[in-house]
Amino acid sequence: MLSHRTNDEPGDAEALALAALAETLTDERRARRFLDLTGLDADELRARAGERRLLAALLAFLEAHEPDLVEVAQAIGSKPEMLVNARAELDR
């Protein structure tokens, strides 16, 4: 049986950020803007998707445009402030 994890447990920030990344990539406009701003291409993004720095950058990207932050948070069943907190944790 899987246990419910709290935000204080290791890996939660990464899991939340990975969900946000997956959701970001489902929207072509948002995905293109993220790739353009980071200078990454699709292959590099796939290779680095689990890196804390990249995940923090994705969450910072969402934070920079509140409508995207809210939309992605809702789509993954989270709250915007949880994504903001996850970015802060990943930046540590």
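- Scanning for side-chain contact (heavy atoms from CB on, under 4.5 Å) contacts around Arg46 gives Ala42, Asp43, with sequence neighbours left out.
- The distance from atom CG of Leu45 to atom CG of Leu35, rounded to the nearest 0.5 Å, is 6.0 Å.
- Here the CZ atom belonging to Arg53 is positioned 12.5 Å from the CG atom belonging to Leu90, to the nearest 0.5 angstrom.
- Among residue pairs with one or both ends in residues 57-78, those qualifying as salt bridge (charged side-chain N to carboxylate O under 4.0 Å, His left out) are Arg29-Asp68, Arg30-Asp68, Arg30-Glu71, Arg33-Asp68, Glu63-Arg87; sequence neighbours excluded.
- With sequence neighbours excluded, the residues satisfying side-chain contact (heavy atoms from CB on, under 4.5 Å) with Ile76 are Leu16, Ala19, Ala20, Glu23, Ser78, Leu83.
- Applying the ring pair (Phe, Tyr, Trp, His ring centres under 6.0 Å) test to every pair with at least one member in residues 66-92, sequence neighbours left out, gives no pairs at all.
- Residues forming a salt bridge (charged side-chain N to carboxylate O under 4.0 Å, His left out) with Asp41 (at least two apart in sequence, or on another chain): none.
- The shortest side-chain heavy-atom distance between Leu69 and Val84 falls under the 4.5 Å cut-off.
- Residue Ala49 comes nearest to Leu55 through the heavy atom pair O-CD2, 3.2 Å, listed as atom of the first residue, atom of the second, then distance.
- Residues Ala86 and Ala13 share a closest heavy-atom pair of O-CB, 3.8 Å.
- Taking CG of Leu58 as the start and CG of Leu37 as the end, the distance is 11.5 Å to the nearest 0.5 Å.
- Looking at residues two or more places apart in sequence or on another chain, you find a salt bridge (charged side-chain N to carboxylate O under 4.0 Å, His left out) between Arg48 and Glu44, Glu51.
- Pairs engaging residues 66-92 under the ring pair (Phe, Tyr, Trp, His ring centres under 6.0 Å) rule: none recorded [sequence neighbours left out].
- For Asp27, the side chain to side chain donor-acceptor pair (under 3.5 Å) test picks out no residue, with sequence neighbours left out.
- Among residues at least two apart or in separate chains, ring pair (Phe, Tyr, Trp, His ring centres under 6.0 Å) pairs with a member in residues 42-82 are Phe34-Phe61.
- Two different hydrophobic clusters hold Leu25 and Val70 under the rule that ILVMFWY side chains link at heavy-atom gaps under 4.5 Å.
- Here ring pair (Phe, Tyr, Trp, His ring centres under 6.0 Å) pairs that include residues 72-92, with residues two or more places apart or in two chains, number zero.
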